Every structure is written in C-alpha cells, then in structure tokens.
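Note sheet for the following structure.
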2 protein chains.
Amino acid sequence: MASLIEGQARPIRLADIAKAAGVSHGTASNVFSRPEVVRAEVRERVKAVAEAMGYAGPDPKGRLLRAGKVNAIGVGTTEPLSYFFEDPFARVMMAGISEACDATGAGIALVSAANQEKLAWNIQSALVDGFILFCIEGGSRLVELTRERRLPFVALELGFHDETISAIGVNNIAGGRLAARHLAELGHRRFAVLSLTLGEDRTGFVTPEMVRSAVYTGTRDRLAGYFEELSGFGVDTQSIPVFETENEERSTTAGLEAIFAGGERPTAILAMSDRMAMIAIDWLTARGLKVPQDVSIVGFDGVPDGALCDPPLTTIAQPITEIGRRAARMILDYDGAVRRETMGVELVVRASTGPAPRS
Amino acid sequence: MASLIEGQARPIRLADIAKAAGVSHGTASNVFSRPEVVRAEVRERVKAVAEAMGYAGPDPKGRLLRAGKVNAIGVGTTEPLSYFFEDPFARVMMAGISEACDATGAGIALVSAANQEKLAWNIQSALVDGFILFCIEGGSRLVELTRERRLPFVALELGFHDETISAIGVNNIAGGRLAARHLAELGHRRFAVLSLTLGEDRTGFVTPEMVRSAVYTGTRDRLAGYFEELSGFGVDTQSIPVFETENEERSTTAGLEAIFAGGERPTAILAMSDRMAMIAIDWLTARGLKVPQDVSIVGFDGVPDGALCDPPLTTIAQPITEIGRRAARMILDYDGAVRRETMGVELVVRASTGPAPRS
DNA sequence: CATTTTTGTTGGATCGATTCAAATTTGTGC
DNA sequence: GCACAAATTTGAATCGATCCAACAAAAATG
C-alpha cells in the first residue's frame, strides 16, 4: 500500500540509500566523500543501490550547512546584473576576479540590487563566503547592508573616507596630476572637467564648497590632482568649469553643452572616466570640432575600448585586472584584518591629446 | 570559567539570541522572517538582544536547507570563468539571462570547469536551482555531468542530437542558406568554409564522412544549409574546402593559410561564427587582400562587435539576448517538461560582402 | 593462542535555520 | 466572571548532509 502512495517521487536522500543498502548513513556518506576509507565490496554495493534508486549524489545544500564554506564569492552592485557584462570597466575587473577564482576553483555569484527593496534581501540571502562591492553610486547603502552580513568584504574604486572597511583603489591624486601635467605640457591653459559624482545624486556645475564636502573622496582626489598640477603651471583653477555627471550619456552630454555654451571654450577636457571621455569625443566630433586639433581629451580608467575608439584615447590607466585579482584574493585568503591597498596608475598617451591650438 | 574559554567568538546563531531573549526558536525565527505575527513588544526585545549580541541575521545557509530553493541559476561552461566577460557572444547571452534574473530577483552563479577534475566537482557542488549550459566544445561531458545533478537545465547553442534534454537553438539550416544565398546572389561561385567543431577536438579540413558522423548537429546543419543553397546555384559543393577550427585565433589562422595556399582561391568565405569572420578579415587585410573587393565574408551570430569592425561584418544574426532570456525563464519556470525551442535568424548585410570580383 | 594494530563501520551530534500542530495567553461579548 | 474566539508562543520535527568517538572485525605480532 505504501508503495502505491509513494508515487510523487520526493528526492532521494543519502539516508534513503543507506537504509536500502543496509549500511549506516555514516558509511553511505563516506562512499561519496571519502571512498578510500570504505571497503571496496561495500562501496560498490552502495553505489549500485544509489544508481538503481536514481540518487543524484550528495546534495550540496546539506553539505554546505555542515561545511560552512560556500566556496564562492559574491560580487555586488547597485546596477542591474547586466552591468557586469556590458560595462567595459566592470568587465575587465571581473576578468581579474575570475582569474583568481579559477585558480582556486571558487565560483562567482553575481548579486544585483537594482531596486531598493530587493537590494537588502539579495545581499542578505546570497550564498557566498564574502563580497566584492562595486561602489558606484548608492555605494554607501550597499556597504552598510553588506557590513551587516558580517562576512569579509572589499570595496572597490570609491575611496570612501570610512577607514574601517577593506578597500582597493588607485592613487587618484597621482592620476589627476599625470593627466593635468600631460595637457599642461602640451601647452593647454583653458580646461574643463567632466567629473564623477561627489556625493548625492546630482549633476551640474560644482562649487568649491561642494568639493570640500565630497563623500566620494576618489572623485575629490582626482580633482585635487588636476588642480594641484595645473596651479603649478600658473593656471587659475578657480575658473575651471567642473561638471558633475552620472557617468552616462545623458548627463555627460548635458555637461558638454553647458561647458561649450560659454564664451571661453576650453582647449582640453579632463574626464574622470574613459566612458565620459569617449562620449565627449563623439559629441565634439559630431559638432565639427576636431580631437585633438581643436580639443584634447584625457580619460581615466584605461578600459580596452579606449584603444579602439577614434581617435584612440589618451588616458590614466588603472591596473584594473590586477585590482580584481587582489580583491578576490583578499576574500579568498581572508584573515580578519582590514586591508586598504592603493595601486599606482600610469599615463597612456594615444591620439586624443595634442598641442594646444594657438588661438 | 566557561566564560574565560569562550574567547574565540563562534558566530552567533538564532538559537543563541532566542535563549538570551527568553523566547523559543520559533518566535525568534518569526521576528526575522515574519515579524508581523509576533507581538510588538517581544519583537523589539528580541531585536534589541540580537543587536546587542552582534547577530548577523538569519544565516542563508540554514534557511536554504529548509527552503530547498537557492534562488539562483547556474551558468556553466568548460571555458575559464573570464569567458563570460570577454567573449562577445557570451556577453550578449548573459545580458539576456541577467534580464530575466533581474526581473524575478534571482541571482546568477558562474560555474566554470576549465580543468577536467574540477569540472565535476564544480558542477556537483554548485548551489543553484538549475543550469544553463554553454555547450561549446567538450559540451557533451558537461551535459552528462549536469544531468547527474537531476536539476533542470537547458543546453544552449549546440544542437545536440540528444532529444531528451531541453535546449534552445537557432534554425541553423535556414541560417546557412541565408548566408550562402546572399553570397551566391552577389555572383560568388568559389567558396571556402570556416567551420565550428563537428565532434572530437580536432582541426583541419573536413571530409564528407566526418560531416555525416558529426556530433554537433548545429555545425552540421549550418554546413547543410550552405551546401543546399549553393547547389541550387549550380556550385559543386564537393569541392568547397571546409576547415574545422576551435573558434579562436590560432586554428582559424591555420585554416586561412591552408585555404589560401591552394591555387583556386575562394572569393567568398562562409564563417560559422563572427569571431572567425573577424579573424579572417584581419588576416586577409594584413595580407593585402581587400574585403570585400577581393574576398567577401559572412559571419554567423550577430555579435555587436561585428558592427564595429572594419569593414563592418555581414552576418547571420541570432536573437542572442532573447535566447538568453528564454533559457533563464525555462529554468525559473521549470515545470518538469523537456522543451526544445528553435529561434529564427536573419541576414544582416553590412560592408564585408560585395559583388564577386570578375576574372 | 593471546595481544596489539590496523582497518571498517556505526550511530549520535551537529551545522542553522523554518514550519506547524498544539498549548497558552489575551481579548471580546454577554 | 465565564465561554469562546483570536492572537501569540512553544517545542519538536525537518531539511540533507558530515564528523567523530566508540566499537567491531580482521590482520599482524609475539
């Protein structure tokens, strides 16, 4: 009678095959996880029973609970999941993370939190041993949520002023200086800056007070680097227009329009991302301005696309892949310490910069 | 005395705070997962205790075991993990998968199996509700392994002849025909084919017998499409060189060298992937052959890069994103049925094809 | 043949939560 | 103040494995 009822196959458990094979569940477990300790004869019998009953092998869910380690690292962002596959910067970073994970056999779990309610849940319920956080905007909330999981995590790329969390970033001041010096040495004296976000979600021209109260010290530092260097060349940095964008097309275009609406047009643009720099190239070209003959542009990041656009982009290259590798290793080899690493950057000169036009 | 020993903080469990707050496990659990059923006063007390003890919230590992559902889908491949972020085809596919996952709040777990031993383990221990398999080469082993997990899974893009597994693919015969017809109508009569793998890991020229015994029916069908259509134009398909590659630079280049070593050079190349097509463009250009004046090339896939290369690539476009979306939904809405879907393809004419050179 | 080793097997404890039927408390109407 | 309904709380059972101390059997040693 029982057999008649057992129609709806509920998944076979290890205990089921142990019973069917007439061994203890301890032995049954060993057959799969440490086959060498069980006598060949028994091993074969248990395996045969498992096969016959259609056992799928030890369920990772059960193992996980016991083992405690998931063997996967979570990568979180407030962007939609497709960000990881579409954004050039993210892709190079992910390649670095992948490399480190491949080397140790760890998996990668992508965690997105495009909408606020699900963000919390997704972070809270992700099955991972630690997190790498892409702190674009809304980063602070992401960090807060992740901190509550009490798992190891590393913040990338924002330069939070919170010294209590592990982070890997680049020397933004040095990067800013390199970019500015390169342009200044080419004779440029009239500049404009396309800036990443400084704090709250806003776009538009930036005032010195806003810079001082910036949440994102990464942005602030790049700006500081630009200004420090340019001051050395006698440029009045107070008069340089700085337009804060959301690092996407719409707000960047708005920034360019605002910048070029004025009378004194810049001969050089300092962009805090390659993304904005490439949008700027397109925008200028579409308006008949030649890059670099009329306007020079320096980006920031060093994404591969920059080498392919027309003209190829001069930029401040971050060691993106290496940052990814290190971030992953930081999680994989977590030892309880808070680590903050700052990587160097380098100027990559391509064709988007040239001598200042003599007016 | 005990308190002296308890130095090494082992993570706080729900049971710990239940005891500390003087409530049962059940109530403590409800405080977190169904707060509305517990009296406000108790709820606050428990929460306060949790806060004070530094409780990280219900551990997903425990919840998972009970709930049974991971709420994540695994994407598996035999390539290294970085494949997902670097390969153009994979990226577009992943974007589609991401979209479907974002919509339902599911996560994505990337599972690689670059090396054989770890392959098995990674597939066996991945914490997912189902798999989407990128069946490039070595696909059959991947499928075998996954089948053993007895989880829902979908195979992408290979056109396995095994009808018992769910799969989404495109109409390869129709695609082949479209490509061939386009070239034939431009007057081409001398062709060469850069083929994807037909079966075991090998590269080189392909014989008709090998085609008949092909494991990968997707490859076979594209070839069939090419040949059927060309026959209609009176081309002797027997004499068309077909070179099987591994869809990467080295073997594709080898194929081109072999093809162009002969006396009767083709005026048109049918490539079974955009990847190979673009490699071919570069190879030909580097050798002073003009595309499409000297040689026309049609790709297959329709990856975005094809539109950007020089010259832009004529290709057979698959609805890659849509395939990804459907695959993800197939796992997410799994109902126990085996589904096999075939999507349509379309010819996208760009500048890599032109009239056959006369001579 | 008795004793020690080696090799295999057992079954209870554990990992960290959720669920649900039953027990208890609180609230309502009369 | 009582009966009955509604709202809370309890505690045992469960999810599916692994670990390990204890035990049993077989093999090696004296």
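Letters A, B, ... are given to chains in the order of the sequence lines, protein chains preceding strands, and every chain is numbered from 1. Keep in mind the model is a prediction, meaning the values are calculated, not measured.
- Note: CD1 (I17(A)) to C1' (dG16(D)) measures 13 Å, nearest angstrom.
- The residues R326(B) and E322(B) are annotated as salt-bridged, a charged nitrogen and a carboxylate oxygen being separated by less than 4.0 angstrom.
- Note on F32(B): nothing from the nucleic acid sits closer than 4.0 angstrom, heavy atoms only.
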Short heteroatom pairs, N/O only, protein and nucleotides 26-28 of chain D, under 3.5 Å:
none

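- E144(B) has no carboxylate O lying under 4.0 Å from a charged side-chain N of R141(B), or vice versa, which leaves the two without a salt bridge.
- Ring-plane geometry between F85(A) and F85(B) is classed as parallel, the angle between the planes falling under 30 degrees on a 0 to 90 degree scale with a further cut at 60.
- Of the side-chain N and O atoms in R66(B), none sit less than 4.0 angstrom from OP1 or OP2 of dT18(C).
- In terms of polar N and O atoms assigned as donor or acceptor, the side chain of R63(A) never comes within less than 3.5 Å of the base of dT18(D) in a complementary pairing.
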* Asked: Which is it for E41(A) and R45(A) under the salt bridge (Lys or Arg N to Asp or Glu O under 4.0 Å) test, yes or no, and what are the steps along the way?
  -> CA-CA 6 Å; E41(A) 183 204 333; R45(A) 177 157 47 93; 5.2 Å; no

Would you tabulate the nitrogen or oxygen pairs shorter than 3.5 Å linking the protein to nucleotides 7-12 of chain D?
from    : atom 1 : to     : atom 2 : distance (Å)
dT9(D)  : OP1    : R39(B) : NE     : 3.1
dT9(D)  : OP1    : R39(B) : NH2    : 3.0
dT9(D)  : OP2    : R39(B) : N      : 3.1
dT10(D) : OP2    : S24(B) : N      : 3.0
dT10(D) : OP2    : S24(B) : OG     : 3.4
dT10(D) : OP2    : T27(B) : OG1    : 3.0

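- Rounded to whole angstrom, the span from the CG atom of L14(A) across to the P atom of dG16(D) amounts to 11 Å.
- Between L81(A) and D102(B), the shortest heavy-atom distance links the atoms N-OD2, 2.9 Å.
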